[in-house]
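Take a look at the structure below.
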Amino acid sequence: MSEPLGLFGGTFDPVHFGHLRLAEEAVTHLGLASVRWTPAGQPPHRGQPQVTADQRLDMVRLATAGNARFVIDAAEVEAAAPSYTVHTLERLRRELGPTRPLVLLVGADAFAGLNSWHRWRDLFALAHVAVSHRPGFPVETSSLPVDLAAEFGCRRAADPAALATSPSGAIATFAMTQLAISATQIRRLLANGLSARYLLPDDVLDYIQTHSLYRNP
Ligand code: ATP
């Protein structure tokens, strides 16, 4: 069986060092061949982002440039329809075949809401789920919704490296460097004319300034 492939979706409004460390440490902890970054076009779970999907995609391209293991998947941005992870995973499965291990990467906050995602139970037939720790969001059965806690209980893999031994179906957690950075915090700083430097790559910050993004509260 070949090395697992990671899929990392998000709004990336804007992309920041929390995202980059999650993807980088997932490569190390899970032995991923690569991480496919998939910015959401029209995220179904939240309000409209403040900048266009193409601008969010541009920023992800800038942030990930130079990392040979990071690959951009622009399909959700290019699609006119709302972005559903299950559709992206189905497309990847068609591309990769049934045996390649696929790992959906999510932060602990996103995982806690997984049971509200479109056809969420189908995700496990398509991919493993790897949950990174995030400050303020414990990954404990007691803090999850009941139906998700049940899936977590029976699918849990104690060793993240075990995800390489099957194509899909397990849930693992991994501890990443804890960075209490969020896109919300960055948007708020920029809207208030404050510095967001060292929370995200300089190239992304330059892009934000050049295009006058996130100026409005
Ligand atoms: P917002 O503040 O706008 O909600 P965000 O910073 O949470 O945005 P998203 O694009 O919504 O960023 O997140 C994409 C993925 O990255 C999610 O799975 C989220 O849990 C994870 N993530 C984001 N920031 C961090 C962080 N600092 N540590 C760990 N995981 C993170």
Side-chain angles (χ1 to χ4, degrees), residues 6-30 32 35-53 55-64 70 72-74 76-77 82-86 88-89 102-118 120 123 127-140 143-144 148 152 160 171-192 196 198-201 204-205 208 213-214 216-217:
L7 176 77
F8 187 31
T11 314
F12 305 125
D13 184 26
V15 61
H16 55 68
F17 285 134
H19 301 130
L20 287 158
R21 283 306 304 181
L22 185 156
E24 180 74 356
E25 295 189 32
V27 167
T28 312
H29 292 308
L30 310 173
L32 304 179
V35 174
R36 212 181 260 232
W37 290 66
T38 314
Q42 301 174 25
H45 292 102
R46 45 173 286 159
Q48 276 306 305
Q50 287 200 12
V51 304
T52 68
Q55 288 170 327
R56 290 184 288 106
L57 177 63
D58 284 347
M59 291 189 277
V60 172
R61 279 194 207 286
L62 287 170
T64 57
F70 290 172
I72 305 288
D73 184 335
E76 289 192 11
V77 168
S83 308
Y84 291 117
T85 301
V86 69
T88 299
L89 286 173
L102 255 178
V103 185
L104 176 65
L105 306 175
V106 289
D109 58 310
F111 180 66
L114 196 82
N115 64 331
S116 68
W117 293 19
H118 183 53
W120 71 280
L123 298 171
H128 300 297
V129 179
V131 187
S132 78
H133 295 180
R134 185 174 185 180
F137 300 95
V139 198
E140 286 156 11
S143 57
L144 295 173
L148 183 58
F152 187 44
I171 303 175
T173 62
F174 67 100
M176 61 170 280
T177 306
Q178 294 295 273
L179 295 169
I181 302 173
S182 71
T184 303
Q185 171 201 15
I186 292 170
R187 292 194 300 273
R188 197 173 295 142
L189 288 169
L190 295 171
N192 287 307
Y198 309 127
L199 297 173
L200 68 176
V204 176
L205 201 49
I208 289 171
L213 306 180
Y214 305 115
N216 301 319

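Counting convention: from 1, in listed order, for ligands and their atoms alike.
Each of Val15, Asp13, Leu199 was evaluated against Ile186; a single residue qualifies, Leu199, per the side-chain contact (heavy atoms from CB on, under 4.5 Å) test.
Under 4.0 angstrom from ligand 1, the non-hydrogen atoms of Met176 all belong to its side chain. Counting heavy atoms under 4.0 Å from ligand 1, residue Leu22 touches it through the side chain alone. Residue-level proximity to ligand 1 for Phe8 is carried by the side chain, the only part with a heavy atom below 4.0 angstrom.
Once rounded to the nearest 0.5 Å, the distance linking CG of Leu123 with CH2 of Trp120 reads 9.0 Å.
Atom 7 (O) of ligand 1 has its nearest heavy-atom neighbour, among Arg134, Arg188, Arg21, in Arg134. For atom 27 (N) of ligand 1, the nearest non-hydrogen atom from the set Leu199, Leu114, Leu179 belongs to Leu179.
Heavy-atom separations between Asp13 and ligand 1 are all 4.0 Å or longer. Ligand 1 has no atom lying under 4.0 Å from any heavy atom of Ala180. Contact between Arg187 and ligand 1 is present, with at least one heavy atom of the residue lying under 4.0 Å from the ligand. Residue contacts with ligand 1 do not include Gln185, since none of its heavy atoms lies under 4.0 Å from the ligand.
A pairwise comparison of heavy atoms in Ala172 and Pro160 identifies CB-CA, 4.0 Å as the closest pair. For Arg61 against Ala74, the heavy-atom pair with the smallest separation is NH2-CB, 4.2 Å.
Residue Thr184 approaches ligand 1 through these ligand atoms, each under 4.0 Å from one of its heavy atoms: 1 (P), 2 (O), 3 (O), 4 (O). Applying the 4.0 Å criterion to heavy atoms of Gly9 picks out, from ligand 1, the atoms 14 (C), 15 (C). Those atoms of ligand 1 that come under 4.0 Å of a heavy atom in Val106, given as number and element, are 18 (O). Of all atoms in ligand 1, listed by their number and element, those nearer than 4.0 Å to a heavy atom of Thr11 are 10 (O). Per-residue contacts place Asp109 under 4.0 angstrom from the following atoms of ligand 1 (heavy atoms of the residue considered): 19 (C), 20 (O).
Checked by atom type and distance alone, the side chain of Arg56 never pairs as donor or acceptor with a backbone atom of Val77 at under 3.5 Å. Of the possible donor and acceptor atoms, none in the side chain of Ser143 sits under 3.5 Å from a partner among the backbone N and O of Val139. A donor-acceptor contact shorter than 3.5 Å links the side chain of His29 to the backbone of Ala175.
The aromatic rings of Phe8 and Trp37 stand perpendicular to each other, their planes meeting at an angle above 60°, with 30° marking the opposite boundary.
Considering backbone and side-chain atoms alike, Gly107 places an N or O below 3.5 Å from some N or O of ligand 1. Backbone and side-chain nitrogen or oxygen atoms of Ile181 are examined, and one is located within less than 3.5 angstrom of a nitrogen or oxygen of ligand 1. The shortest N or O to N or O distance between Phe12 and ligand 1 is below 3.5 Å. When only interatomic distances are considered, the shortest N/O to N/O separation between Gly10 and ligand 1 does not fall below 3.5 Å. Considering backbone and side-chain N/O atoms, His133 never comes within less than 3.5 Å of an N/O atom of ligand 1.
A 4.5 Å side-chain heavy-atom check between Ser182 and Arg134 finds at least one atom pair inside the cut-off. Leu200 has its side chain out of reach of Met59: every pair of non-hydrogen atoms, C-beta onward, lies at least 4.5 Å apart.
Donor-acceptor pairing under 3.5 Å is recorded for the side chains of Glu76 and Thr88.
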